[in-house]
Number of protein chains: 2
Amino acid sequence: MITPRFDILGQAISDASRTQMLCELMEGRAYTNKELAAAAGVTPQTASAHLRLLQNAGLVVAEKRGRCVYHRLAGAEVAHALEQLAAIAPADSLHRAQQRKAGGLAQLRSCYDHLAGPLAVAMTRALLDRGMLVEAHGAFRAEPAAQWLKLGVVLPERPGRQPFARPCLDWTERKLHVAGPMGRQILDHALGSGWVKRHRHKRGLMLTAPGRVALEQILGLQCGTLAEA
Amino acid sequence: MITPRFDILGQAISDASRTQMLCELMEGRAYTNKELAAAAGVTPQTASAHLRLLQNAGLVVAEKRGRCVYHRLAGAEVAHALEQLAAIAPADSLHRAQQRKAGGLAQLRSCYDHLAGPLAVAMTRALLDRGMLVEAHGAFRAEPAAQWLKLGVVLPERPGRQPFARPCLDWTERKLHVAGPMGRQILDHALGSGWVKRHRHKRGLMLTAPGRVALEQILGLQCGTLAEA
DNA sequence: GCAACAGTTCGCTGCGCGGCGAAGGGTTTT
DNA sequence: AAAACCCTTCGCCGCGCAGCGAACTGTTGC
């Protein structure tokens with residue numbers, strides 16, 4: 001019988017501590033063992049064992065620098081597959097409720113290599129409303145517009161094999177936002193031009209004043225209230 | 001922290017017996033407890049426990065009829081997610097070698113609701129070569145052609161939200177073949193017109209003589225040798 | 001009614017593995 | 001050199017769970 005080794009992968013994500021770590025890593029940044037241990041609520045030595053397992057499963061890669069070891073997702077395919085999985089995973093209302101109570105956590109965050117969170121969903125909504133994006137064949141097609149450059153997006157000359165603007169289902173909102181190369185360009189540009197900044201210790205991103213102005217000018221987004229993260 | 005309940009899903013697919021069952025179910029047919037138990041190499045009572053777990057995870061649904069209980073995948077999303085998972089799962093050469101030795105097993109089979117296996121890959125290859133399909137944006141775009149009707153495919157008037165011809169990565173070959181509504185239409189037509197038949201006890205599909213002729217006429221496929229499954 | 005069969009429930013055993021404390025490399029700082 | 005720090009390895013405990021045999025329910029066929 002034809003059986004891909006689901007079990008290795010499945011075993012890797014079958015544990016609550018490991019899924020916590022993976023969710024943390026979905027931010028796209030590299031994390032140390034200690035950080036991930038704290039995120040999962042276990043001791044460093046336990047986290048170490050988990051990370052080795054994730055490494056063996058090919059989900060995570062490690063890079064040693066000085067006395068620290070930085071862990072990150074093995075690649076975009078891994079992030080993509082985890083997204084897909086999250087899409088069919090049972091939504092647990094308990095978690096969502098408690099994260100709302102925690103106070104607008106993660107209004108804006110990064111999802112491996114692109115923006116996510118309610119604000120990213122709103123941006124996508126605006127792009128669709130303005131006709132800059134068109135949903136077709138389960139993908140986003142980008143229409144030529146001068147606004148794209150203002151968002152830091154350079155449209156490709158000809159369609160590539162991979163989707164340029166891939167829809168990604170937001171974990172919290174269960175709504176689509178822009179991933180793929182376009183999503184990456186937008187995130188890069190937003191970070192580079194200071195529209196958003198990474199929180200120092202908390203997870204997630206922060207929309208700056210210039211960013212708020214830019215999004216309002218370019219997309220007509222009223223995100224003043226959204227930025228109170 | 002935002003954590004979808006990966007763990008429930010992960011636990012469901014973390015066991016080798018359960019993954020065996022899931023792979024069996026990926027054929028798209030409904031199976032009894034006993035059949036799945038045999039496929040996984042465990043006793044019926046063990047399989048029963050596994051199936052209840054898969055049911056709770058929302059991956060499988062059961063339907064009682066007479067004294068038999070028929071189990072099937074919960075839906076196309078589940079099949080799709082499992083495909084994605086298989087794409088990043090480590091390919092174990094051991095299994096592939098032993099299945100080759102077993103004698104051309106699964107030259108043609110069904111992958112939930114569409115054709116898969118080497119022959120399906122060859123068909124897709126032919127469709128691409130003839131320009132009936134074009135790969136773009138990570139999806140297949142269908143070009144109008146009279147041949148489509150001969151394959152039982154009715155092209156949609158306008159692009160839908162979901163991809164009409166979705167590429168699906170074959171587990172064994174690691175090559176693309178056609179899934180999505182188009183894939184389903186092709187499988188339905190192939191079964192309806194007697195081009196392929198389901199094996200009585202073995203897994204997989206069988207290409208019939210009329211089917212071989214049809215594929216050669218329509219797509220120029222020389223699949224005489226491929227059909228020896 | 002009885003036998004045969006599909007499926008489930010129960011109780012038990014044994015392995016696997018998540019978790020931590022203690023101890024052992026390495027690296028950076030004082 | 002010593003202290004502080006990050007990470008890992010080792011050994012141990014305890015839970016969870018896969019697996020089976022035995023027994024039970026429900027359905028089909030004689």
Side-chain angles (χ1 to χ4, degrees), chain A residues 1 3 5-25 29-73 200-201, chain B residues 1 3 5-25 29-73 200-201:
Chain A
M1 191 50 201
T3 52
R5 298 300 300 274
F6 280 144
D7 49 341
I8 291 183
L9 263 173
Q11 195 219 6
I13 59 174
S14 65
D15 179 77
S17 299
R18 282 193 289 270
T19 57
Q20 286 272 18
M21 295 185 186
L22 284 176
C23 289
E24 199 77 8
L25 288 164
R29 266 181 45 209
Y31 290 85
T32 64
N33 184 13
K34 202 182 173 186
E35 287 173 315
L36 293 171
V42 294
T43 55
Q45 58 267 37
T46 302
S48 185
H50 283 311
L51 283 167
R52 196 178 28 173
L53 209 154
L54 289 173
Q55 218 170 319
N56 287 341
L59 296 176
V60 163
V61 290
E63 183 186 348
K64 189 167 181 178
R65 213 149 47 178
R67 65 180 165 183
C68 291
V69 179
Y70 290 95
H71 302 269
R72 64 173 71 240
L73 286 190
R200 297 186 67 78
H201 296 297
Chain B
M1 190 50 201
T3 51
R5 298 299 300 274
F6 280 144
D7 48 341
I8 291 183
L9 263 173
Q11 195 220 7
I13 60 174
S14 65
D15 180 78
S17 299
R18 281 192 289 269
T19 57
Q20 286 273 18
M21 295 186 186
L22 284 176
C23 290
E24 199 76 10
L25 288 164
R29 266 182 45 209
Y31 289 85
T32 65
N33 184 13
K34 203 181 173 188
E35 286 173 316
L36 293 171
V42 294
T43 56
Q45 59 265 39
T46 302
S48 184
H50 284 311
L51 283 167
R52 195 178 29 177
L53 209 155
L54 289 173
Q55 218 170 318
N56 287 339
L59 295 177
V60 163
V61 290
E63 182 187 349
K64 190 167 181 177
R65 213 149 47 177
R67 65 179 165 185
C68 291
V69 179
Y70 291 95
H71 302 268
R72 62 174 70 241
L73 287 189
R200 299 186 66 81
H201 297 296

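Within every chain, numbering begins at 1; the chains are lettered A, B, ... in the order of the sequence lines, protein sequences first and strands thereafter. Quick caveat, the model's predicted, so the values are computed rather than measured.
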I need the [atom1]-[atom2] distance between [X] and [N], as an integer number of Å.
{"X": "A:Y70", "N": "D:dT8", "atom1": "OH", "atom2": "P", "value": "13 Å"}
{"X": "A:E63", "N": "D:dC6", "atom1": "CD", "atom2": "C1'", "value": "16 Å"}
{"X": "B:K34", "N": "D:dG26", "atom1": "NZ", "atom2": "C1'", "value": "16 Å"}
{"X": "A:Q11", "N": "D:dC17", "atom1": "CD", "atom2": "P", "value": "14 Å"}
{"X": "A:D15", "N": "D:dC15", "atom1": "CG", "atom2": "P", "value": "17 Å"}
{"X": "A:H71", "N": "D:dC7", "atom1": "NE2", "atom2": "P", "value": "7 Å"}
{"X": "B:N33", "N": "D:dC20", "atom1": "CG", "atom2": "P", "value": "13 Å"}

Task: Nucleotide nearest B:T43 when distance is taken to its side chain, options D:dA18, D:dG21, D:dA4 - done: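 Given the options D:dA18, D:dG21, D:dA4, the side chain of B:T43 is closest to D:dG21.
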Task: Heavy-atom donor-acceptor pair, B:S14 side chain to B:Q11 backbone, under 3.5 Å - done: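 Looks like yes, one N/O pair under 3.5 Å.
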Open item on the list: I'd like to know if the side chain of B:R18 reaches the main chain of B:H50, judged simply by a donor and an acceptor atom lying under 3.5 Å from each other, with no hydrogens or angles considered.
Closed with: no
Within the pair [X] and [N], is there a side-chain N or O less than 4.0 Å away from OP1 or OP2?
{"X": "B:H50", "N": "D:dG19", "value": "yes"}
{"X": "A:R52", "N": "D:dT9", "value": "yes"}
{"X": "B:S17", "N": "D:dG19", "value": "yes"}

Task: Nearest non-hydrogen partners of A:E35 and A:A30, listed with the distance - done: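 What the structure gives for the nearest pair is OE1-O, 4.4 Å.
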TODO: Would you name the heavy atoms of A:H71 and A:N33 that are closest together and state the gap between them?
DONE: CD2-N, 4.0 Å
What distance separates [X] [atom1] from [Y] [atom2], expressed to the nearest 0.5 Å?
{"X": "B:I13", "Y": "B:L54", "atom1": "CD1", "atom2": "CG", "answer": "10.0 Å"}
{"X": "B:R29", "Y": "B:Y70", "atom1": "CZ", "atom2": "OH", "answer": "9.5 Å"}
{"X": "A:D15", "Y": "A:L53", "atom1": "CG", "atom2": "CG", "answer": "9.0 Å"}

Open item on the list: Which is more 5' along DNA chain D, the nucleotide nearest A:Q45 or the one nearest B:Q45? Just name the residue.
Closed with: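 Its nearest nucleotide lies further toward 5', so the answer is A:Q45.
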Open item on the list: On DNA chain C, compare the nucleotides closest to B:S48 and A:K64; which residue's is nearer the 5' end?
Closed with: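 Nearer the 5' end of the strand: B:S48.
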Open item on the list: Using a heavy-atom cut-off of 4.0 Å across all strands, would you classify B:R18 as base, sugar-phosphate, or nothing?
Closed with: sugar-phosphate
Open item on the list: Using a 4.0 Å cut-off to any heavy atom of chain B, which nucleotides of DNA chain C are the first and last in contact, reading 5' to 3'?
Closed with: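 Both ends considered, the range comes out as C:dA4 to C:dT9.
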